There are 2 protein chains.
Amino acid sequence: MAMPQVRDVAERAGVSPATVSNALNHPQRVSERTLARVHAAIEELGYVRNDAARQLRAGFNPAVGLIVLDAANPYFTDLAGGAEQHLMELGRPLLLGNSSQVSDREITYLNLFEQQRVAGILIAPVGNVLPRLRKLKSNGIPVVIIDRKAGADELSSVSVDDERGGWLVADHLISQGASRMAVIGGPEGLRQVRNRLRGAQQRARQSPGVAVEYIATGAMDAAAGRAAAEELLGRSVKEQPDAVFATNDLVALGVLQVLARSGVSVPDQVLLAGYDDIEFAANAIIPITSIRQPSAEMGQHAAQLLQRAIEDPASPVQHTVFQPELIIRESTQAC
Amino acid sequence: MAMPQVRDVAERAGVSPATVSNALNHPQRVSERTLARVHAAIEELGYVRNDAARQLRAGFNPAVGLIVLDAANPYFTDLAGGAEQHLMELGRPLLLGNSSQVSDREITYLNLFEQQRVAGILIAPVGNVLPRLRKLKSNGIPVVIIDRKAGADELSSVSVDDERGGWLVADHLISQGASRMAVIGGPEGLRQVRNRLRGAQQRARQSPGVAVEYIATGAMDAAAGRAAAEELLGRSVKEQPDAVFATNDLVALGVLQVLARSGVSVPDQVLLAGYDDIEFAANAIIPITSIRQPSAEMGQHAAQLLQRAIEDPASPVQHTVFQPELIIRESTQAC
DNA sequence: AGACCGATGTAAATCGATTCAATTTGTGAC
DNA sequence: GTCACAAATTGAATCGATTTACATCGGTCT
């Protein structure tokens, strides 16, 4: 028994297919009585409309695509949650893609979304996809960039002032006595990492005698943090930093795992700070100092911007920059 | 400038639309030379195929839908990761839906997936959706249930022996001296919770004098754990448990937050165990005893089962039950 | 009574890619 | 040069829902 179609529903309800379509999409055009009959027929037959056909004829897909850097990172799940909630209220399904910081996967998802003719795209970019995104926009698919200010570009964005965040962390670490600071994160090309690093370097320059070293990692998860920490432990004592600034909390947790296991005391021997202020940072073995970003709020705001751009393609480009907030915890306070 | 279509590509390459389609979908049917010409034309025009039209005509959608209980729970992100990886290799996009343990949202996603005519569905169910899932299957959309053995049912499943998991935790807690055990989790209807609770109760019955109390929560996140812990702290000392078994790690972390903040010592005053063994459980302020489940492996296996069912709709129903493993940490060991 | 109206309902065209049956082109043997 | 046969290509039909332009009908106004 193949799936029933509008034709079948129409027949059963004693009306034409066009009326069934109207009942579904423009109920006000149909009388109460036939509306009821149509719905009854739909119920009885278990009719489910074919989205592909609908989309093809209607000419658009209400769904929105979101591409995140790491679906396992609470920062992004919160962000996605904020966006999803807002979009749901607008009746827009959210398609979630996880690039895992791999440029190829990012492109795969962009292709997928473009083929689906989604109504819009939210993306935290990895690779150099700006040209691609511009073309999407000129093809009528609005794009909002997350976590990266698109400069004077013609694409809207929602971001946090990462440079300031880096500055805040460095400032705090230095005030706690740090003089050799290691910044851990990567990949190197990732704008967030670059900006946080730059902010830290700027602050360091104001305090003579403070050195900043950058250690690149392939990803931004706990495993990367563990690897980097192992490397640090392998060094001679003189070359070891007295403060570690991990460019996100997962990395910081990884670093902490290794240090704790090796008997290195945080914060007595090494100060440690993270970024993102995910819930787990506050509840780690040693609660970790971090930078709070309003992730859910950002997701929601990004969804709003996108919705505006979808409704009015001529609406102006808008860049929203949220301010980061330093949250001080045990990992940077000798007690 | 509207988006180019096969027609435009065909014209540019000097062939018919049918040939363009063949070049894209059955390259072996087309000569090398025209294949190259078609691809060149596609490139030059920036053609992107319209998935809706393709799906409508081809009659199927290669994508697979996955509905999880909580996208913010690392257990599910790992599981989703395992499934995604396997499906990607098969060329099947994964559509991720997050029911947030809300029955309505679960239904919303099922509707969405059915309208999209996905090739198959993976689902960790919240509500009573079995009848619905059966209908889906009889409509030709195979379903694999995750985290819940579908019994002698006609739906395949991948699960962990939750009863045994509960038993293991209770056994360990009792061996550490627990006599008043509180099991925290919910919602009450959730099979995983019921089974873990039942396993714990069974073990308790074998030890006279051990009482088990169940505290239901609305969700299974850290906030729910905090709320439950507050409630416990509000009680008179006599009514307070000496061991808490949180039915997942997020809840356990929430409980731990409140206890630690209130100066209640874990494990000296209260033993605490979780479930799922997410990475953060091992690195909490007090590392938490938990039950390890092979989440990524389960996701991958579920994807395999689904793929089999898609390829051969007549393939037999299969239930895979993974075995849980107890991981003992500080939260249950006085030192 | 006739003209006109709004409210309902419908037949037929349409969205864009794929497929099927049929045709054209190419290859090699004789 | 012709024939048989395989390879390459194509025109037209098709997927299922929506839309457009038009028909129908009961009622209202003059």
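The chains referred to below are lettered A, B, ... by the order of the sequence lines, with proteins before strands, and numbering in each begins at 1. Please read these numbers as outputs of a predicted model, since none were measured by experiment.
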Whether [X] contacts [N] is assessed here as follows: a side-chain N or O lying under 4.0 Å from the phosphate OP1 or OP2. Is that the case?
X       : N      : result
A/Thr19 : C/dT10 : yes
A/Asn50 : D/dA17 : no
B/Ser31 : D/dT9  : yes

[options]: which one has an atom nearest the side-chain heavy atoms of [X]?
X       : options                : value
B/Val30 : C/dA17, C/dT18, D/dT9  : D/dT9
A/Asn25 : D/dG11, C/dT18, D/dT18 : D/dT18
A/Ser16 : C/dT14, C/dA17, C/dT10 : C/dT10
B/Val15 : D/dT10, C/dA17, D/dG16 : D/dT10

Can you say whether a donor on the side chain of A/Arg54 sits under 3.5 Å from an acceptor on the base of D/dT18, or the other way round?
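In this structure, the two groups form no donor-acceptor pair.
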
Could you check how far CD of B/Glu32 sits from C1' of D/dT9, rounded to whole Å?
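About 16 Å, once rounded to whole Å.
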
Quick one: pull up CG in A/Asp70 and OH in A/Tyr75 and give me the separation to the nearest 0.5 Å.
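A/Asp70 atom CG to A/Tyr75 atom OH measures 12.0 Å (nearest 0.5 Å).
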
For residues A/Asn111 and A/Arg132, is any side-chain donor paired with an opposing acceptor at under 3.5 Å?
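Yes.
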
Using the closest heavy atom to pick a nucleotide of DNA chain D for each, name whichever of B/Ala58 or B/Gly14 lands nearer the 5' end.
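The residue closer to the strand's 5' end, by nearest nucleotide, is B/Gly14.
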
